[in-house]
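Shown next, in structure tokens, is the structure this report addresses.
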There are 2 protein chains.
Amino acid sequence: MVKRLPRYFSYVQALANNGVEWVSSIELAKQLGLTSSTVRQDFSCFSFSGVSKRGYEVAGLLRMLADILGANTVWKVVVVGAGNLGRALVLHEDFVRNGFNIASIFDSDPEKHGINIGSLKVLPMQDLAEVVKIENIDMGIIAVPDTAAQSVADLLVDAGVKGILNMSMTHITTPDRIAVTDSRIVASLQQLSHCVLFSCRRNS
Amino acid sequence: MVKRLPRYFSYVQALANNGVEWVSSIELAKQLGLTSSTVRQDFSCFSFSGVSKRGYEVAGLLRMLADILGANTVWKVVVVGAGNLGRALVLHEDFVRNGFNIASIFDSDPEKHGINIGSLKVLPMQDLAEVVKIENIDMGIIAVPDTAAQSVADLLVDAGVKGILNMSMTHITTPDRIAVTDSRIVASLQQLSHCVLFSCRRNS
DNA sequence: TAGATTGTTAATCGATTAACAATC
DNA sequence: TAGATTGTTAATCGATTAACAATC
């Protein structure tokens with residue numbers, strides 16, 4: 001269910017930008033490939049009420065979704081791993097636009113230290129703990145090779161982040177208080193590959 | 001379920017590289033954060049049998065997973081959108097290593113045409129259909145702004161791709177025969193943000 | 001043999017959908 | 001009023017887990 005929230009948010013944002021004031025569960029469902037039942041269920045679970053015959057008020061919906069997604073919060077994030085993926089993350093303007101502020105990027109390879117990526121310089125892993133603490137970093141993004149993923153997760157947890165976005169294939173283990181979300185592009189491509197071969201349809 | 005296959009594959013690959021010959025559902029479950037029941041259920045669904053007391057043969061498991069994920073197939077892929085994300089995808093060596101060969105990258109912005117990204121040159125959208133047909137492209141990756149996503153999807157489908165990896169926030173509609181997988185990094189970060197705020201744990 | 005681990009059935013759980021009375 | 005759409009309950013569906021006999 002949580003996975004639908006960013007999609008509602010994005011679509012409702014677009015509606016608001018276009019000056020649309022009301023939207024029905026039916027329309028929303030159609031646009032996002034869901035059933036209207038699911039949409040109503042989802043919203044009522046946050047006690048967000050609509051109005052019979054009109055639907056849901058776009059402005060209010062947007063406010064609610066922003067609140068539960070923390071879209072009004074500005075998060076401080078670090079990226080670990082300065083490969084192509086890490087580099088792309090730092091440069092991706094979408095993140096800042098959505099309140100994810102990348103404060104630093106780290107890599108274990110001394111060759112990379114000091115290299116400029118956007119307005120950041122690649123820092124050595126030894127600085128991680130200090131940066132996270134002093135700059136009050138909220139989340140870490142793991143963009144390192146699989147074999148290093150767990151130890152980087154441990155470092156991040158020890159340093160004090162509250163959440164981790166894991167982009168490696170490895171399953172990482174963390175204490176219960178740490179939120180973890182996995183996001184694996186190669187895995188998505190492999191799922192797609194499987195679906196193409198065996199003609200299953202939409203997954204994810 | 002499909003979403004677990006790439007993770008099994010990656011882990012079993014690592015086992016094979018380390019010369020491990022047998023693995024139990026219990027060990028696998030522990031490493032991937034699942035229950036042994038799920039693991040056995042999954043494998044038996046592909047009629048892959050283990051041996052009591054020993055577990056599953058790593059080599060055979062690897063072969064099976066490679067088969068169902070199409071990991072032995074070399075796929076030809078195009079990327080649409082030459083922003084930071086598109087650029088990163090082209091440069092990301094993980095793709096080639098896993099059999100996803102990026103043949104071309106396209107962008108609608110004339111300013112970008114001809115620019116070099118790795119060994120590729122950014123092509124205009126007008127060339128998309130022809131390239132997909134002549135080079136027998138299997139899949140397209142959508143890395144364009146949300147507003148353009150659906151029309152790019154239509155172009156890709158018309159041109160004849162069999163699968164689409166959608167990295168935009170938009171829900172795209174395609175004919176039934178086309179496989180679609182969504183992969184949204186910002187959405188993952190927003191899920192994480194929600195989980196940090198309301199202390200839910202692992203999702204995805 | 002004793003013990004470990006599979007394969008499979010049945011139970012549980014949760015998420016999605018259908019249905020429909022209430023309401024504007 | 002008639003019609004559209006919500007909010008919610010109950011039904012359905014599918015996925016996960018538990019349990020345990022079979023087996024090596």
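All values below come from the heavy atoms of this structure, side chains included, with hydrogens, waters and symmetry mates left out.
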Query raised in the report: To the nearest 0.5 Å, how far apart are CD1 in B:I115 and CG in B:L120?
Result: 13.0 Å
Query raised in the report: Rounded to the nearest 0.5 Å, how far does CD of A:Q13 lie from OH of A:Y8?
Result: 16.0 Å
Main-chain N/O of [Y] paired with [X] side-chain donor or acceptor, under 3.5 Å:
{"X": "A:N166", "Y": "A:T170", "value": "yes"}
{"X": "B:N98", "Y": "B:D94", "value": "yes"}
{"X": "A:H113", "Y": "A:D107", "value": "yes"}
{"X": "A:S25", "Y": "A:V39", "value": "no"}

Query raised in the report: For residues 47-57 of chain B, which residues have at least one heavy atom under 4.0 Å from DNA chain D?
Result: B:S52, B:K53
Whole-Å distance between [N] [atom2] and [X] [atom1]?
{"X": "B:R40", "N": "D:dA22", "atom1": "CZ", "atom2": "P", "result": "16 Å"}
{"X": "B:K30", "N": "C:dT5", "atom1": "NZ", "atom2": "C1'", "result": "16 Å"}
{"X": "A:E27", "N": "D:dT5", "atom1": "CD", "atom2": "P", "result": "10 Å"}
{"X": "B:I26", "N": "C:dG7", "atom1": "CD1", "atom2": "C1'", "result": "13 Å"}

Query - pair B:R4-B:L32: side-chain heavy atoms closer than 4.5 Å - result: no
Requested in this report: Provide the full list of side chain to side chain donor-acceptor pair (under 3.5 Å) pairs with a residue in residues 138-156 of chain A, sequence neighbours left out, each pair given once.
Outcome: A:D138-A:K162, A:Q150-A:D154
Query raised in the report: With sequence neighbours excluded, what pairs up with B:V74 under the side chain to side chain contact (heavy atoms under 4.5 Å, CB included) test?
Result: B:N101
Requested in this report: Determine whether the side chains of B:S36 and B:R40 contain a donor N or O and an acceptor N or O closer than 3.5 Å.
Outcome: yes
Requested in this report: Would you indicate, yes or no, if D:dT6 has its OP1 or OP2 atom less than 4.0 angstrom from a side-chain nitrogen or oxygen of A:S25?
Outcome: yes
Query raised in the report: Going 5' to 3' along nucleotides 11-17 of chain D, which nucleotides have protein heavy atoms under 4.0 Å from the base (write B), which only from the sugar-phosphate (write S), and which from neither (write -)?
Result: -----SB
Query raised in the report: In dot-bracket notation, what is the pairing pattern of DNA chain C, taking Watson-Crick (N1-N3 plus N6-O4 or O6-N4) and G-U wobble (N1-O2 and O6-N3) contacts under 3.5 Å, with [ ] crossing and | for other strands?
Result: ..||||||||||||||||||||||
Requested in this report: Would you please name every residue forming a side chain to side chain donor-acceptor pair (under 3.5 Å) with B:R184, sequence neighbours left out?
Outcome: B:D182
